[in-house]
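Data first, discussion second: the structure below is written as structure tokens.
For this chain, numbers begin at 1 and follow the sequence in order. Just so you know, ligand 1 is whichever comes first in the structure, and atom 1 is the first atom listed for that ligand.
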Amino acid sequence: MSTEDFTTADLYDEHGETLQSCSTQFRSYGGVARFSGPISTVHCHRDNALVKTVLAEPGEGRVLVVDGGGSLESALMGDLIAGSAVANGWAGVVIHGAVRDVVALGELPLGVLALGSNPRKSAKDGVGERDEPVGFGGVEFVPGATLWADEDGLLVTRP
Ligand SMILES: O=C([O-])CC(=O)C(=O)O
């Protein structure tokens with residue numbers, strides 16, 4: 001399914017509870033509000049080295065789901081890492097945490113959902129896990145599952 005021809009409400013009406021619906025109220029920071037793709041994950045806490053590494057790899061239309069534990073104490077992505085995601089073909093990034101450089105993020109052709117923003121940067125030690133299931137907002141985000149996001153919210157196929 002391309003990123004232009006769905007709405008999450010129509011998907012829910014068609015597929016119902018075969019889809020998981022995320023109750024976390026994200027804010028959209030990217031230049032693209034509607035996006036979809038297979039999930040990859042990073043789990044980290046106030047350290048974004050893994051986020052940078054993963055988004056520098058070929059995205060092939062994937063969506064990176066970053067579970068930052070909901071911390072708003074420092075940003076897990078700014079315009080440079082997001083620009084790398086665009087250059088490498090990622091469809092979007094969903095961050096259970098904070099971003100920064102929000103004006104620049106809004107000009108990028110990338111879906112970006114986050115809880116909030118903070119100008120403070122994160123550590124670069126590379127502590128965290130990648131491509132393990134993560135969960136928030138009542139949804140289990142399993143690598144390889146499909147995520148759809150638009151102005152109404154975020155849906156994920158059930159594992
Ligand atoms: O480097 C960082 O920590 C995040 C950032 O500001 C960027 O991606 O531009």
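Atoms of ligand 1 found under 4.0 Å from any heavy atom of Gly78 (numbered from 1 in listed order, with element): 4 (C), 5 (C), 6 (O), 7 (C), 8 (O), 9 (O). Those atoms of ligand 1 that come under 4.0 Å of a heavy atom in Arg100, given as number and element, are 2 (C), 5 (C), 6 (O). Residue Lys124 approaches ligand 1 through these ligand atoms, each under 4.0 Å from one of its heavy atoms: 1 (O), 2 (C), 3 (O). Of all atoms in ligand 1, numbered sequentially from 1 with element shown, those under 4.0 Å from a heavy atom of Asp101 are 6 (O), 9 (O). In the vicinity of Asn48, heavy-atom distances shorter than 4.0 Å reach the ligand 1 atoms 2 (C), 3 (O), 4 (C). Ligand 1 places these atoms under 4.0 Å from at least one heavy atom of Asp79: 7 (C), 8 (O), 9 (O).
In terms of N/O distances under 3.5 Å, ligand 1 is not approached by Lys121. For Ala82, no nitrogen or oxygen atom sits less than 3.5 Å from a nitrogen or oxygen atom of ligand 1, counting backbone and side chain alike. The shortest N or O to N or O distance between Leu80 and ligand 1 is under 3.5 Å.
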Legend entry - Check against side chain to side chain donor-acceptor pair (under 3.5 Å), Asp150 and Thr7: CA-CA 7 Å; Asp150 68 5; Thr7 70; 4.8 Å; no
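The 12-atom threshold is not exceeded at CD of Gln25, counting heavy atoms of other residues, nucleotides or ligands nearer than 6.0 Å. When the shell of 6.0 Å around NZ of Lys121 is examined, it contains 12 or fewer heavy atoms from other residues, nucleotides or ligands.
If you check which protein heavy atom lies closest to atom 8 (O) of ligand 1, you get Ile81 N, 2.9 Å.
Put simply, the side chain of Asp47 gets close to the backbone of Val127: a donor and an acceptor are under 3.5 Å apart.
Under a 4.0 Å N-O distance rule, the pair Arg158/Glu140 does not qualify as a salt bridge.
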